[in-house]
Amino acid sequence: MNYTPASIEAKWQKTWSATKAYEPSDDFSKPKKYVLSMFPYPSGRIHMGHVRNYTIGDTFARYYRQQGFNVLHPIGWDSFGMPAENAAIKHGVHPKKWTYENIATMRGELAGLGLSFSEEREFATSNPEYTAFEQGFIIDMFNKGLLYRKQGFLNWCPHDLTVLANEQVVDGGCWRCGTPIVQKEMYQYYLKISDYSEELLESLKTLEGKWPKQVLTMQENWIGKSYGLEFPFKLDSESESKLGAVYQSFDVFTTRPDTIYGVSYAALAPEHEIVRHMLSFGLLDDATADAIKAMQRVSARDRATSPKEGVSLGINVLHPLTGAKVPVWVANFVLTDYGSGAVMAVPAHDDRDYEFATKYNLPIKAVIFPTEGELPSGCAYTEIGTLRESGEFSGLDNVTAKASIMDYFEANKLGKKAINFRLKDWGISRQRYWGAPIPLIHCDSCGIVPEDKAKLPVALPEDVVINGEGNPLEHHPTWKHCMCPKCGKPATRETDTMDTFIQSSWYFLRYTVKNDFKEAFDKEALNYWMNVDHYIGGIEHAILHLLYARFFTKMLRDLGYVNSDEPFEHLLTQGMVLKDGAKMSKSKGNTVDPGALVEKYGADTARLFILFAAPPTQELEWNDSAVEGAFRFLKRFADRSQYVNVTDSLPNIDHSSLSKEEKAARKKVYEALKRAQEVYGERHTFNTMIAGVMEAMNALNEQNNTDVWTEGYWILTSIMEPIIPHLCWELSTNLFNGKNFGVQTVREEVFEVEALSLGVSINGKNRATIEVGVNESQEAIIEIAKASVEKWIEGKEIVKSIVIPGKLVNLVIKG
RNA sequence: GCCAGUGUGGUGAAAUGGUAGACACGCCGGAUUCAAAAUCCGGUGGCGAAAGUCGUGGCGGUUCGAGUCCGCCCACUGGUACCA
């Protein structure tokens with residue numbers, strides 16, 4: 001057969017679509033598999049990362065279909081987001097037009113790869129129906145107290161009058177105009193992910209072995225659970241009156257209560273309540289106040305890289321155990337949103353406190369000493385050791401002391417054991433146009449009121465001015481004006497839109513129904529299809545998207561929508577596609593256009609290369625001539641089908657009557673099948689499976705028995721179909737009337753051999769190879785092995801002989 | 001700094017404690033061709049004429065046997081970053 005990918009691929013893609021070959025069945029009595037590759041952002045054109053992502057997913061989907069599963073393999077578009085708005089600012093094109101045109105282009109490009117997606121379930125998250133369902137959930141969350149509004153500090157560009165994401169702050173300035181950004185305190189909506197910290201951490205355990213260890217660890221660290229002691233630092237009477245008797249104390253959290261006798265100062269975040277109080281009541285001299293205000297203006301991100309600095313507040317607290325006066329400072333390294341925004345500082349045993357104390361000449365008092373050797377000088381000692389000068393706890397090792405001191409605090413009501421999470425509530429407000437509006441209304445009489453659910457979606461106005469200055473929804477002449485759903489008086493809509501991570505946090509649930517389904521979910525369908533059996537995507541989503549999607553699933557469960565605890569059963573994180581050792585990117589000019597590749601060689605070549613070049617979780621180095629090699633294999637595969645008989649069934653072959661080459665060919669074919677079963681089922685190293693098929697092809701080519709060729713193609717076109725579907729459908733239809741797609745059975749007879757080839761090694765070093773009969777006794781094998789390595793063992797004593805059946809003989813010699 | 005991952009031929013990579021380098025790419029040689037492309041056949045870890053010998057980042061260990069398991073170290077890549 002002459003291999004003409006362009007015509008074969010166009011033909012099959014048309015047929016698959018026309019026959020709805022890849023629409024899942026509504027028969028929920030069948031076993032199912034839900035295979036999902038992370039959906040794309042419609043940026044314009046597909047890139048090689050997409051090709052890899054969707055090829056891997058498609059391979060799973062097609063494999064499971066052959067195994068008789070009802071397969072859900074959907075695609076959609078993560079279509080809200082900043083790039084659409086940036087395009088509007090730059091080129092004056094409406095975000096909606098830009099987005100949907102990109103979707104049309106990319107849909108065509110993906111179709112050209114022969115991906116077996118359900119067409120009836122495709123949607124874009126910017127579709128109004130999707131927004132309506134989502135706003136419904138958000139209202140439920142608001143009513144349940146899972147969504148709340150509070151003031152928070154944000155990056156603000158005073159020139160463009162807009163909030164900027166951290167990624168949009170370049171060298172401390174606005175990415176568009178370069179104006180230095182400031183920290184502005186604004187009202188923001190937050191989702192209470194912190195309510196779920198414990199569960200999000202706990203249920204990571206149920207994913208062990210099914211998600212990459214690396215991802216589990218990253219999420220664990222991100223959630224960041226730590227155990228410690230929380231206690232109040234009481235102000236001394238002088239300080240208390242200085243503050244106008246408004247405050248008696250402030251709380252601090254420490255994971256090192258064992259170092260408490262080494263406390264030499266306390267430090268507050270620049271945003272701490274007490275600091276603000278002192279600022280607003282003029283309790284600080286100008287220089288101190290200015291220094292604090294300067295610290296407040298620095299973004300959290302920049303603070304992380306700035307040198308430590310601070311100022312003394314001129315007030316003192318009392319050490320909870322010794323009663324000594326401890327000075328209170330403001331320090332730029334104390335985070336306002338972790339713990340209570342205040343810390344006890346132990347310079348002798350904490351690197352940060354040490355650096356700060358050294359800079360400002362604060363006392364450094366060591367209370368933990370190494371069990372052996374000297375206390376190091378010039379740095380903090382943070383290792384384990386023995387307590388000294390620590391009152392009744394002196395002499396204890398610090399691990400024991402930690403527990404004892406916490407117990408002491410609790411017994412004497414000085415403080416309590418506490419757990420802190422690093423995970424913070426999720427700020428979802430964006431002062432942007434191209435997103436889903438937050439469906440809340442501000443009423444002077446009723447406060448914040450959710451929109452009437454029957455009126456959803458709160459849709460975006462189309463007539464907007466997008467020039468990058470401020471929030472287009474805020475500036476729209478009429479959009480925000482509405483009536484209060486509760487009291488009917490004039491009110492104002494919330495003009496913030498939601499973070500686009502909200503849309504990607506539940507899209508996989510919506511795929512369980514067809515697009516025309518009028519509610520968000522159909523319980524029966526949802527319970528049947530969930531969970532996603534195989535979720536495939538880039539490692540870059542290891543934290544945010546995967547954490548948010550897990551959180552949303554749990555929230556929707558608690559709101560009664562979903563039964564799952566965890567949405568994704570197995571996770572496969574694909575490696576990046578590199579060229580010349582670097583990630584493909586437009587700015588580096590090292591991209592390869594998938595469209596051009598498909599046009600030159602066809603989709604099957606692209607798919608084959610991308611799965612053959614490396615295992616899916618590893619980085620993949622692009623190689624033009626290896627692509628050429630994949631194409632050559634396909635040509636051979638098509639060409640050698642000429643040796644195959646047209647048939648509807650597997651030929652019967654009398655194995656014992658075959659020649660050595662014929663037997664070898666059958667063996668290779670069935671080895672490839674075994675490998676395929678293993679690879680599709682568990683290992684997912686498609687490269688080794690393809691290598692097995694290539695070996696089988698090489699072996700088939702060493703013989704000319706038509707039945708052996710026919711059997712070989714019957715099996716190989718079946719196991720290769722998930723990878724190179726177009727050519728396999730063509731061959732299978734022409735040769736086997738399509739009858740060979742399905743479960744293949746391994747014929748053990750082909751693995752029976754008369755003679756075995758064993759390696760002979762001496763002290764573990766390979767020296768010779770011998771042929772022995774299958775039924776040869778151990779003793780006989782050892783004798784044959786000895787004979788084969790005579791010159792190595794001459795005059796030596798054989799201490800031990802080990803026979804590993806079918807593999808090797810190891811002789812241990814001495815002398 | 002912390003966490004994770006990766007180190008094997010000229011290159012991408014195989015090897016599920018048991019004959020290291022399967023399968024490809026590249027290169028070399030040959031056939032075919034007026035010639036080239038395509039195709040087909042053969043060779044290809046280093047050193048050595050050969051017998052051999054050395055080889056999986058380094059050093060140690062466990063084992064009859066280690067690329068694989070354990071310990072320490074080095075290099076590179078990615079993530080995260082003052083989390084008290």
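So that the names make sense, note that chain A is the first sequence line, chain B the second, and so on, each numbered from 1.
- With its glycosidic angle within 90° of 0, B/G9 adopts the syn conformation.
- Base pairing of B/C64: its partner is B/G18, meeting the Watson-Crick or G-U wobble criterion (both donor-acceptor distances under 3.5 Å).
- At a threshold of 4.0 angstrom between heavy atoms, the contacts of A/T769 include nucleobase atoms, whether or not backbone atoms are also involved.
- Set against B/U53, B/U19, B/C82, the side chain of A/A304 has B/C82 as its closest nucleotide.
- The partner of B/G5, taking Watson-Crick or G-U wobble pairs whose two distances both stay under 3.5 Å, is B/C76.
- The ring pair (Phe, Tyr, Trp, His ring centres under 6.0 Å) test applied to A/F751 returns no partner, not counting sequence neighbours.
- Nucleotide B/C27 forms a pair with B/G43, judged by Watson-Crick or G-U wobble geometry with both contacts under 3.5 Å.
- The CD-C1' distance, from A/Q219 to B/U80, rounds to 14 Å in whole Å.
- Partners of A/R303 under the salt bridge (charged side-chain N to carboxylate O under 4.0 Å, His left out) rule, at least two apart in sequence or in another chain, are A/E271.
- Residue contacts shown for A/N701 are limited to sugar-phosphate atoms, with no base heavy atom under 4.0 Å away.
- Applying the 4.0 Å criterion to OP1 and OP2 of B/U6, one finds that A/Q618 has every side-chain N and O outside that range.
- Annotation: A/F356 is in aromatic contact with A/W329 [ring centroid separation under 6.0 Å].
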With the criterion being N/O to N/O and under 3.5 Å, what pairs connect the protein with nucleotides 60-66 of chain B, and how long is each?
residue : atom : partner : partner atom : Å
B/C64   : O2'  : A/N810  : ND2          : 3.2
B/C64   : O2   : A/N810  : ND2          : 2.8

Distances for protein N or O near nucleotides 21-28 of chain B N or O, under 3.5 Å:
residue : atom : partner : partner atom : Å
B/A22   : O2'  : A/E695  : OE2          : 3.1
B/A24   : OP1  : A/N698  : ND2          : 2.9
B/C25   : OP1  : A/R632  : NH2          : 2.8
B/C25   : O2'  : A/S625  : OG           : 3.0
B/G26   : OP2  : A/R632  : NH2          : 3.4

Can you give the donor-acceptor pairs under 3.5 Å from side chains of residues 626-636 of chain A to other protein atoms, not counting sequence neighbours?
residue : atom : partner : partner atom : Å
A/E628  : OE1  : A/Y601  : OH           : 2.8

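- Residue A/R640 places its side chain closer to B/C40 than to any other of B/C82, B/C40, B/G12.
- We find the CZ-OG1 distance between A/F637 and A/T717 to be 6.0 Å, quoted to the nearest 0.5 Å.
- Scanning for ring pair (Phe, Tyr, Trp, His ring centres under 6.0 Å) contacts around A/Y354 gives an empty result, with sequence neighbours left out.
- At a threshold of 4.0 angstrom between heavy atoms, the contacts of A/W792 are confined to the sugar-phosphate backbone, with no base atom among them.
- Nucleic acid contact class of A/S306 (heavy atoms, under 4.0 Å, all strands): base.
- Nucleic acid contact class of A/E540 (heavy atoms, under 4.0 Å, all strands): none.
- Using a 4.0 Å heavy-atom cutoff across all strands shown, A/A613 reaches sugar-phosphate atoms only and no base atom.
- Here the side chain of A/K417 pairs no donor or acceptor atom with the backbone of A/F409 at under 3.5 angstrom.
- Nearest nucleotide to the A/R422 side chain, out of B/A81, B/C41, B/A4: B/A81.
- Using a 4.0 Å heavy-atom criterion, one finds that A/S801 contacts no nucleic acid atom at all.
- Using a 4.0 Å heavy-atom cutoff across all strands shown, A/V252 reaches no nucleic acid atom at all.
- Between the CZ atom of A/F233 and the P atom of B/A84 there is a distance of 17 Å, given to the nearest Å.
- Judged by Watson-Crick or G-U wobble contacts below 3.5 Å, the nucleotide B/U33 has no partner.
- Residue A/K635 is classed as a sugar-phosphate contact, given heavy-atom separations below 4.0 Å to backbone atoms only.
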